[in-house]
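Quick caveat, the model's predicted, so the values are computed rather than measured. Quick note on labels: first sequence line is chain A, next is B, and so on, each numbered from 1.
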Amino acid sequence: MEILKCENLTKIYGQGENKTVALDNVSFSVEKGEFVSIVGPSGSGKSTLLHILGGVDKPGSGTVFVSGENIHSLNEDKLAIFRRRHIGLVYQFYNLLPVLNVDQNIVLPHLLDGRKMDKERLDQMVEYLGLSDRRTHLPNQLSGGQQQRVSIGRALFTHPTLLLCDEPTGNLDRKTGEEIIKLLKDSNRKMQQTLILITHDESIALQSDRMICMEDGKIVSDERIRRSNTESKEV
Amino acid sequence: MGNRKIVHQVTRQYMKKNLKRTLISYIGITLMVMLMTCVFVGKDTFLEYLSNMAEEHYGKWHISFYDIDRDQLETIKQKDYINETAISENLSYAEFPQTGNNAHPYINLRCYSESAFDWMNIKLAEGRLPEQDGEIVLSNTALKEGAKVSVGDEIEIKCFRRYFTHLKKGTTVFPFNDFSISDYETKEAPDDFPVLDFFEDISEYIVENHKPTGFSKTYTVTGFIEATSFENENSAAYPAIAYVDESSIHSEKFNCSVRVDEKRLPPFIEEDFNGMVDGEKIVFNNQFLAFSASSGQSVINGIIIAAQVFFTLLIIFVSVILIYNVFNLSYDERCKYLGILASIGATSKQKRSSVYYEAFSLLLSALPVGFAIGLSIVFGGVRILSPLAVKLINSVIITENVPLKLKITPFAVLLTAGFSVLTVLVSSMLPARRISKIGAIESIRGNSDRNHTKAKKRSLVNQKFAFRLNAEGMLSIGFASNQSKKTQGIVRALAVFLIVLAVTAYGAQAVIQMIAYKLDNSYVVEFSAKDDREYLIHQNSEDGSVIKNIIEELSQTNGITDLQYFYMEKFGRTDPDAYSNEYWESFYQLISSYYPEGLSREDFEENYKDFCSLEVISADPATFQEMLESVGGNTDESLENRCIVFSSAAMTTDSVNIDNKKVDYRFIQINKITDLEQGDTLPLYFTGLNDKNEIDEICLDMTIAGFGTNENLHKWFTFNNKNMIVITEEKTALEINDIVGEISELETTMWISAFFNADKNDPDVQSKLNDLEKMSGKDIFFTRTDNISTSEMKDLIQEMIRILMIAFMIFSSLICFLNIYNSISGLMVARRPDFAVLRSVGMTLKQMLKMCRYEMYLIIFRSLVIAVPATFILCAVFKNFIMGRFGTFELNFPMPIVLCTALTAVAAALGIAAACCLRENRSDLMNEIKKGSI
């Protein structure tokens, strides 16, 4: 089942001599439960693509359909509501609200949607993230890895259609990075969570189902990753 | 380039980069300088303007000693604080056969020494002033009215005094000349008394006769003078002034005016003369002295100085908070660049100097601008206030010639600059010290201001509660509690705004009340009807039937509206027990101040508690009923001799004076003049001389139907005196009149005043008004109420203080608003990354606005937690101070003004927060992401 479809996405910054083509006629689609990694050198347009897919940036031209909805045809408010219901975003620098504790940061999109607090789901999520003893801590009282877990928890709490991660391990040490990727992969495998992840790390990209390679705003390759059954089990 | 120069250069760059913040600091400092200029230069300019006007009208003299002899003159001249003297004498009246107006058949001859002409503002219209004995100037009014006299003419003067003889039994009162005459007596006419023809029919039973003083002389007219302050158009005489040398004074008793060294003037000049000069004969040119801030009345001087200190402190307070907040908001950014500088060797001192450099470079450029704006405001302000000032000086014509000039003294400039520097120094000192203590690494990392333990505690406290709220509520509590330091600026700005407005309003009310009490020397009932009714009829003779008929007729005339009439005061007495304990205690306290050696209770009871005067006024039935309803009294008409007791009263050292002793001014307000209750009987005694010339007394028992105060009876009148006053209905007034008549076997009357409005377009009404005009001066006196001088000094000073306070509140509010805007705007800018995160996780604009609104509610609550007790404490300190200095009186907190301004501040804060939130929402989300902030 096709969950994401983007067609002819173009994004240009600046004008004249300063003109930079961030995205150049990018089209691809993602199936439900797929784990897609996007790789490419700096300035290749990965992050711009991810932000356009997440509805935080607008394309110059082209369309993005998430669950059949053309998200860029929505007005600001409807797009915000769409984001909190269908998109989960995880950034490199966590972007937690410094004034909210772990629990509050996790349930924030849920509460923003006007829904009642789901205590049971929160307990499960905190348990799943391994943050049970940190629930009342503020972000600045947590390590980088813990903060990124909270960020993932926040992204997953509303059962988003798409989980978009922009270099989630870029600011973490290797060991912590691996833990975070394990967590994301778990969510993909166990919850059938569709996941699109930007990374510079080839070893992480190779753990995905599909790897899209970008260069100068274009998709230069889009390949399924083949791995043995053993490997799959190890993961 | 030295290290310090580098620091300053970097500071300059950041000032340019944050142009908006720099501009706000600059505007704040400019406003502060402007307000300082208004306080220091404004005070000097305004007082000099008033002083010049007072000088134009009242003259340059400081103190006048009346009816002194040559020995006393010598004593006066020997006093070291007396700089100059001028002599004048009034030689009374002389015939003026050259007159062209029969209403002015005389001249009133005064003789002046040379400097007296200057001090009394004698202005020439034609010719020259007298320079030697035998020369005289006459009023130019005489010339205008057709007098057959010109410069160079000789006029012969034979002086006399004017006397009147009453040729029949009974009394004739001249209420507007403060003169009455009765029962065949002969009395000297008061100054400026008109010719008898001015009053119709009076010449039938009052005759004027003259008694020569023995002075006669031929004078040469050297010129004509403009109308002087003592020229009265109703007087029978034109002023005339001749020259006199000190050595050739004509009378044994004469007047001496002096100019003094104000700084050396003793507090009680009468005491300095050890009784050689009668205290009552010493007159201060208080209008002139008051505006030189050297009045004989220390209270006025005190108020001027206290107001200056009060304004200065408030300006410093609001400015310090604004500038401090600006520096605090830029703290994080400054930390970063100073951290970089520190890492390459900048010392703490150099880091401190960055803050001082920014503050003082802004002050340097703000000083001339603020000073110039301040001067313009002072100039404009004095122009706006000058109509009131003109009324205050009571001189419409002369004061138009007084030029309005700014008075900029070096001392005022020095004070303005000095206090501005002090304000900037104080406000930048704390941020400078704080910033100098931050290490290089902490500064660069941006974790210079984190307190993990506290944050954790706060977070735990809010945990349970926060989840019960929606997202906006949870976020607002999170922001308000976990970023309290960042919101502290707004809390401070709002709190200062509320405190300043409340304390200013309270202070203004206190000053206005003090002036009202101090300057209210009339101690008579002040009818409010004269303010909203156009016409007044006052009974002018013993025959009250005329005015009663007129009132009856007016009440039945269409087009005559709002008719209200009162029977004026009648004086009686009551029992001492009718007065309350509070009254006697206050009276004892006040009397005790005249006895520095102490006054025993027994002596007080024996000497001061025997006579308890009581005044009665009566209203028409409808008005009395309305009054009763207004005071919440018993409206049962069957009550016998029902009355309303005016329960509030006031006593001062001015109204209660013992043997003309001078003591420090003291005021005591009495809230409950009697301990009697509604329904109790109040005995009222009237005394008179019976036909055997014996004192006879009759008692009338009144029933108390209610209690009135200046607040609940202000629609009808106000009253501030120490005596009990009761309001009765008309029938009781007539009964009282009968009682008094019974005692003295004389026909007596209770004088009536009636106020009304009239439709002038109605021919019938117009004809009645014309009839009343014709009748005026006989049994009735009829006038328009705007002809009555309502512009009493206290009203005008109060009005001026009100205007000054409003102006001050507007300007200080500007600083406060700037502060609030800057604090909120700064916070919202700092929140930009947080807002971006919130938007990225799906927060809508509506939710963001709601969140900001919730957070502002919490901030406002925190401001109130600071402002309310701080205001309470400041007002209590202020109250204690003024009550200690001035006396005890009820000072209500001006709740409506404070509530209005507080609501304005709250609305402004919410509006600014919403506007800033909208602005931040418009910022490009991707920009924030690109900047790496999210």
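Atom CG in B:L475 sits 5.0 Å away from atom CG in A:L108 (nearest 0.5 Å). Atom CD1 of A:I81 is separated from atom CD of B:Q847 by 7.5 Å, given to the nearest 0.5 angstrom. Of the inter-residue distances, the one linking B:N470 atom CG with A:L112 atom CG reads 9.0 Å to the nearest 0.5 angstrom. To the nearest 0.5 Å, atoms CD (A:Q104) and CD1 (B:I477) are separated by 9.0 Å. Note that the CZ atom of A:R84 and the OG1 atom of B:T844 stand 5.5 Å from one another [nearest 0.5 Å]. Separating the CZ atom in B:F835 from the CG atom in A:L97 is a distance of 10.0 Å, to the nearest 0.5 Å.
Taking 4.5 Å as the limit, every side-chain heavy atom of A:R83 sits out of range of all side-chain heavy atoms of B:V841. Contact check for A:P98 versus B:D834: side-chain heavy atoms found under the 4.5 Å cut-off. Considering only heavy atoms from C-beta on, B:M474 comes within 4.5 Å of A:L111 through its side chain.
Judged as a side chain to side chain contact (heavy atoms under 4.5 Å, CB included), and not counting sequence neighbours, the contacts of A:K218 are A:D24.
Open room surrounds CG on A:D216; 12 or fewer heavy atoms of other groups in view lie less than 6.0 Å from it. Residue-environment remark: CZ (A:R115) exceeds the threshold of 12 foreign heavy atoms within 6.0 Å. Remark: A:E69 CD is packed, more than 12 non-hydrogen atoms of other residues, nucleotides or ligands lying under 6.0 Å away.
For the pair B:R839 (side chain) and A:V56 (backbone), a donor-acceptor distance under 3.5 Å is absent.
Looking at A:R85, there are no atoms closer than 4.5 Å to chain B (heavy atoms on both sides), in backbone or side chain.
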